[in-house]
Amino acid sequence: MNYDHKKIEKKWQQRWDEQGLFAAKNNDTRKKFYALIEFPYPSGEGLHVGHPRSYTAMDIIARKRRMEGYNVLYPIGFDSFGLPTENYAIKTGRPPAEITKENIANFTRQLKRLGFSFDWERAVTTSDPSYYRWTQWIFLQFYKHGLAYKAKMPINWCPSCKIGLANEEVVNGGCERCGAPVEEREREQWMLAITKYADKLLDGLKEVDYIERAKVQQQHWIGRSEGVNYRQTIKDLNITVEAYDSVPQTFMAQTFAVIAPEHPLVQRMIEGTEYEKPVRAFVERIIKKKRAGKLDLEKEMEGIFTGRYVENPFGTGDLPIWVASFVVADYGTGFVNCSACDERDFAFAKKYNIPLHPVMFPQDPVEAEKIRNLEYCYHHDENGILTEPIEFKGRKWGEIRRDIIKYIEQQGFGYRKVQYKLRDWVFSRQRYWGEPIPLVYCDACVAWVPIPEDQLPLELPKVEKYQPTDTGESPLAAMHDWVQTTCPKCGGPARRETDTMPNWAGSSWYFLRYCDPKNKKEFASKKALQYWTPVDWYNGGMEHTVLHLLYSRFWNQFLYDIGVVPTREPYTKRTSHGLIMAEDGEKMSKSRGNVVNPDAVVEQVGADTLRLYEMFMGPFDQAVPWSTDGIMGVRRFVEKVWRLFHEITESQNHRIILGRLLHKTVKKVTEDIEAMKYNTAISAMMIFVNEAHATGLSKEQAEAFLKILAPFAPHIAEELWEQLGHAESISREPWPTFDSALCVDEEIELVIQVNGRVRDRLRVAADIPEADAKAQALEREKVKPWIAGKKIEKVVFVQGRLVNIVVT
RNA sequence: GCCGGAGUGGCGAAAUAGGUAGCACGCGCGAGACUUAAAAUCUCGUGACCGCAAGGUCGUGCGGGUUCGAUUCCCGCCUCCGGCACCA
């Protein structure tokens, strides 16, 4: 019988579908397991070979868990709002909803062909009104709790996409999607106050099991630092200005201050003075450069004196205020006190001949002299010795942080302050294809009024044109009939918000909807959430670590705080897969023409082979290049399995050997799956099959092997399982167990070393006594020449491994 | 610059509570068997150098160190990938 992957795979996919085999049950006494992958964006290009890497990995986990007796939820859905579809709509004039429907149909077909054990009955689509009704509802909860607010602020504006971008969407000063240089623009934007959750998001990381890289990246992104804000006054103007300092140990070294070019105080400081003209010119030039994204590239720092001084709260003289290019406007106060103990400050002062006053020195007197002479900048050294203030003279920089902050507070110089790099989330988009923001502005109430919850969803109206307007408003703004409405509160005239939500919105809570996807009264019932959440294991790409992962944690924590979800953290465990590169080692991309189409692969070699290959190609968390030859090797393995079950008959005399190997294989596969070491798990199964070809195998052995193969290659496993005479799906079988005693060899190869070099090997019982092993080793013919005439210092014995004779 | 991760055969990679590196597995390549032939399949070989061979020497990015023994641990570098990037 020939192995016909097309026939077999189709047959089982249909059967699984008909039987609803992978539908998760909400009311169940079994222990639950919630496996999650990042749902795809249904692009016109169809599935990418990168998708199955993550999906197969979690499918293997999900299938194994079912066999281990868990009630498994492994859902799928579509993150269908977003730019590519809208851009395609602009180009073709076709409604995005229509395009999306087609793309989803195509993705569904492609995903089903790969045999994933998704619960298709729970599939959600973020652009479906029955779904985004609840996205809007959650937004209103944010609004009602004061965490959604409108602010006029400079946003990252992409002139090509005509859209405002979140900080996270700006890559190297360019638009993440189209690469065009990003400009700054003032706009009224809806913001989500994620910074209010900075500490909670940080704390939550302690209680979750995430891949270390992801934790570190999130911590970095949140960027918490603890320091002091100095209270000080600009001389002659009587303006109070604070300066943030995260390294206050060396505050006595401060000799000047800098302010960001964008800072509103700059204008007030120079108004009507001789500095007004040059400073204004400087500021304009720098801001222009910054907007063009050209400032970061050249590391050169520039500045200009404002003619003003800030009163030094420490009484060591007034600090001249400079406008400096390197000051970040929206971090801290945008105003910084500078000293010899910071590299940038030091370089800046040197460039403009501003006096410096070091107060920390190395213990080495020669080096200390160099610091006194300002030869280089000395900073952040745990062992640096302070000279000022007098109360801290002689103490080490690394030991005085707490004390000095206390001192600064006691003296009234400033107060303790925590800063974050995290900024609030720019939540509105001037686009059509997103969730409408369910608020209306009422002139009479002078406020944004929420649409009553029972009137949700606020559906996206059909428009004629999908182009953003020239003013940068969304196409919805041109729909006057839609925009003009009445205020739900006072009944007076009102106008709708025409901005929509970013596509991070729908994906920030989809894992909750999966728990109860058809619910019409709530976003998910308490009971369903209680049972399923948190997600036990979430696998996804590293590229989503500071975007989707952080945002969805934020939403979940907020929903927890208002009492509508049962757990603080949404995901217990987070792992990440490596990228699949093209055969040439480059990133796969349409423009390079090196994209591998999964449809063609499945057609040619079958879904089981593709799944196995993607798991076998290399370590799961590492980037690996695609290899057409490599996939043929895996195909050969699949065919070998097929032949094993059709051609090889049992041969009694080798059953013992194979039995041991089977136990070892079951152990290896069982453990490797948990550690996501799929490549070595498959290699172990290959070894087993190679051996079984030589020795034959019994029915029980064949069955056990099929069970461990099933999560990887479910179609062929089902088919062979059926051929062995079983009527029930193999996915209903219990996961095989192994006998630890049978996983160790009785006989081993003992290595004999002389001075650490292998000179001989011999087969001995695994539990050979130390004395016997040593005695035998010394008597070996191959060993004798190496020890003859030499003094034996000692003989090292490692149980089950080696004897090492040390001679001199 | 800072923070992660990684450097091992012709290639993807195995092996790290220190213990046979690469006869884990797979690909590729070479030879052979089967075949009229090809494909498929099966068998054997495949790090470098020396040697007819037995065998030996060198080899896990580079330089040191600890150890009977280091791909694994420590110190100092180099290169590549990912992230952050004037955050005071």
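A note on names: the letters A, B, ... follow the listed sequences, proteins ahead of strands, and every chain is numbered from 1.
- Base engagement by A:E749 is indicated by at least one non-hydrogen atom pair under 4.0 Å involving a base atom.
- Taking atom P on both B:A24 and B:C3, the two are 39 Å apart, rounded to the nearest angstrom.
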* Stepwise side-chain contact (heavy atoms from CB on, under 4.5 Å) check, A:I682 with A:T680 -> CA-CA 5 Å; A:I682 292 167; A:T680 48; over 6 Å; no
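- Taking 3.5 Å as the limit, the base of B:C68 and the side chain of A:N804 contain a donor-acceptor pair of atoms between them.
- In this structure, CD of A:E691 is placed 14 Å from C1' of B:C25, rounded to the nearest angstrom.
- The side chain of A:D342 lies closest to B:A88 when the candidates are B:A85, B:A88, B:C3.
- A:V328 comes within contact range of at least one nucleobase, with a heavy-atom separation under 4.0 Å.
- Side chain of A:T680, nearest nucleotide from B:G19, B:C84, B:A24: B:A24.
- To the nearest angstrom, P of B:G83 lies 16 Å from NZ of A:K421.
- Looking at heavy-atom distances under 4.0 Å, A:M542 makes no contact with the nucleic acid at all.
- Sequence order on RNA chain B of the closest nucleotides to A:L802 and A:G332 puts A:L802 first from the 5' end.
- Here B:G18 sits opposite no nucleotide as a Watson-Crick or G-U wobble pair (both hydrogen-bonding atom distances under 3.5 Å).
- Applying a 4.0 Å cut-off to non-hydrogen atoms, the residues of residues 247-257 of chain A that approach RNA chain B are A:V247, listed by residue number.
- Annotation: B:G26 and B:C80 have their P atoms spaced 34 Å apart (nearest Å).
- Here B:C25 is the nucleotide among B:C25, B:A88, B:C84 with the atom lying nearest to any side-chain atom of A:I687.
- Pair check for B:G69 finds none; no Watson-Crick or G-U wobble contact set falls under 3.5 Å.
- Using a 4.0 Å heavy-atom cutoff across all strands shown, A:V798 reaches at least one base atom of the nucleic acid.
- Across the P atoms, B:G69 and B:C58 are found 14 Å apart, a figure rounded to whole Å.
- Nucleic acid contact for A:D621: none, since no nucleic acid atom lies under 4.0 Å from a heavy atom of the residue.
- Of the candidates B:A88, B:U20, B:C84, the closest approach to any side-chain atom of A:W221 belongs to B:C84.
- Rounding to whole angstrom units, CZ of residue A:F326 and C1' of B:G1 are separated by 16 Å.
- Of the candidates B:G12, B:C3, B:C87, B:C87 carries the atom nearest the A:R423 side chain, counting heavy atoms from C-beta on.
- The separation of B:U57 from B:G61, taken at their C1' atoms, amounts to 22 Å, rounded to a whole angstrom.
- A donor-acceptor contact closer than 3.5 angstrom links the side chains of A:N690 and A:K640.
- Between A:Q419 and the phosphate of B:A88, there is no side-chain N or O to OP1/OP2 separation shorter than 4.0 Å.
- Atom name C1', nucleotides B:G65 and B:A13: the rounded distance is 30 Å, in whole Å.
- In this structure, A:N755 atom CG and B:C68 atom P are separated by 11 Å, rounded to whole Å.
- Side chains of A:R224 and A:Q219: a donor-acceptor N/O pair is absent below 3.5 angstrom, by distance only.
- Look at B:G76: its Watson-Crick or wobble partner, with both distances under 3.5 angstrom, is B:C62.
- The partner of B:C27 is B:G10, judged by Watson-Crick or G-U wobble contacts that both fall below 3.5 Å.
- Not a single donor-acceptor pair under 3.5 Å links the side chain of A:K774 to the backbone N or O of A:F797.
- We find that OH of A:Y420 is positioned 14 Å from P of B:A88, with the value rounded to whole Å.
- Using a 90° window around 0 for the glycosidic torsion, B:G61 falls outside it and is classed as anti.
- At a cut-off of 3.5 Å, with distance as the only test, no side-chain donor of A:H357 or A:Q254 sits close to an acceptor on the other residue.
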* Could you run down nucleotides 38-57 of chain B 5' to 3' and tag each one B, S or - for protein heavy-atom contact under 4.0 Å? -> ---SS------------SSS
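- If you check the side chains of A:Y230 and A:N312, you find no donor sitting under 3.5 Å from an acceptor.
- Listed candidates were B:C87, B:C25, B:U20. Nearest to the side chain of A:R801 is B:U20.
- Side-chain contact check for A:E38 and A:H544: at least one donor-acceptor pair (N or O, by modelled atom type) lies under 3.5 Å.
- In this structure, A:Q753 atom CD and B:C68 atom P are separated by 13 Å, rounded to whole Å.
- In terms of phosphate contacts, A:N679 brings no side-chain nitrogen or oxygen within less than 4.0 Å of OP1 or OP2 of B:A24.
- Just one residue in the list A:R643, A:R636, A:R635 forms a salt bridge (charged side-chain N to carboxylate O under 4.0 Å, His left out) with A:E639, and that residue is A:R635.
- Across the strands present, B:U57 finds its partner in B:A48; the criterion is a Watson-Crick or G-U wobble pair with both atom distances under 3.5 angstrom.
- In a base pair of the Watson-Crick type (N1 to N3 plus N6-O4 or O6-N4) or a G-U wobble (N1-O2 and O6-N3), with each distance short of 3.5 Å, B:G1 is matched with B:C84.
- Taking side-chain N and O atoms only, A:S683 has no distance below 4.0 Å to OP1 or OP2 of B:A14.
- For the pair A:Y244 and B:C87, the criterion of a side-chain N or O lying under 4.0 Å from OP1 or OP2 is not met.
- Side-chain contact of A:Y244 with A:S225: a donor-acceptor pair under 3.5 Å is present, judged by distance alone.
- OP1 or OP2 of B:G12 has not a single side-chain nitrogen or oxygen of A:S627 nearer than 4.0 Å.
- When heavy atoms are screened at a 4.0 angstrom cut-off, A:V327 is found touching base atoms of the nucleic acid.
- A donor and an acceptor atom, one from each side chain of A:E793 and A:T808, are located under 3.5 Å apart.
- Within the 4.0 angstrom heavy-atom criterion, no nucleotide atom of any strand lies near A:G223.
- Note on A:T545: nothing from the nucleic acid sits closer than 4.0 angstrom, heavy atoms only.
- Contacts of A:F637 with the nucleic acid, taken as non-hydrogen atoms under 4.0 Å apart, are absent.
- Here B:A33 sits opposite B:U41 as a Watson-Crick or G-U wobble pair (both hydrogen-bonding atom distances under 3.5 Å).
- Comparing A:Q217 and A:V751 by the nucleotide of RNA chain B whose heavy atom lies nearest to each, the residue mapping closer to the 5' end is A:V751.
- When the P atom is used for both B:G9 and B:G76, the distance is 26 Å, rounded to whole Å.
- Separating the CD atom of A:E614 from the C1' atom of B:G12 is a distance of 14 Å, rounded to the nearest angstrom.
- For A:R611 (side chain) and A:F712 (main-chain N/O), a donor-acceptor pair under 3.5 Å exists by modelled atom type.
- Crowding of A:E746 atom CD: a count of heavy atoms from other residues, nucleotides or ligands under 6.0 Å not exceeding 12.
- In the model, A:Q218 has no side-chain atom that pairs as donor or acceptor with a side-chain atom of A:T545 under 3.5 Å.
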* Asked: Checking side-chain contact (heavy atoms from CB on, under 4.5 Å) for the pair A:W397/A:N383: CA distance, chi angles, key distance, verdict?
  -> CA-CA 6 Å; A:W397 184 88; A:N383 296 313; over 6 Å; no
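- For the C1' atoms, the distance from B:U66 to B:A15 is 22 Å, rounded to whole Å.
- To the nearest whole angstrom, the two P atoms, one in B:C44 and one in B:G51, are 29 Å apart.
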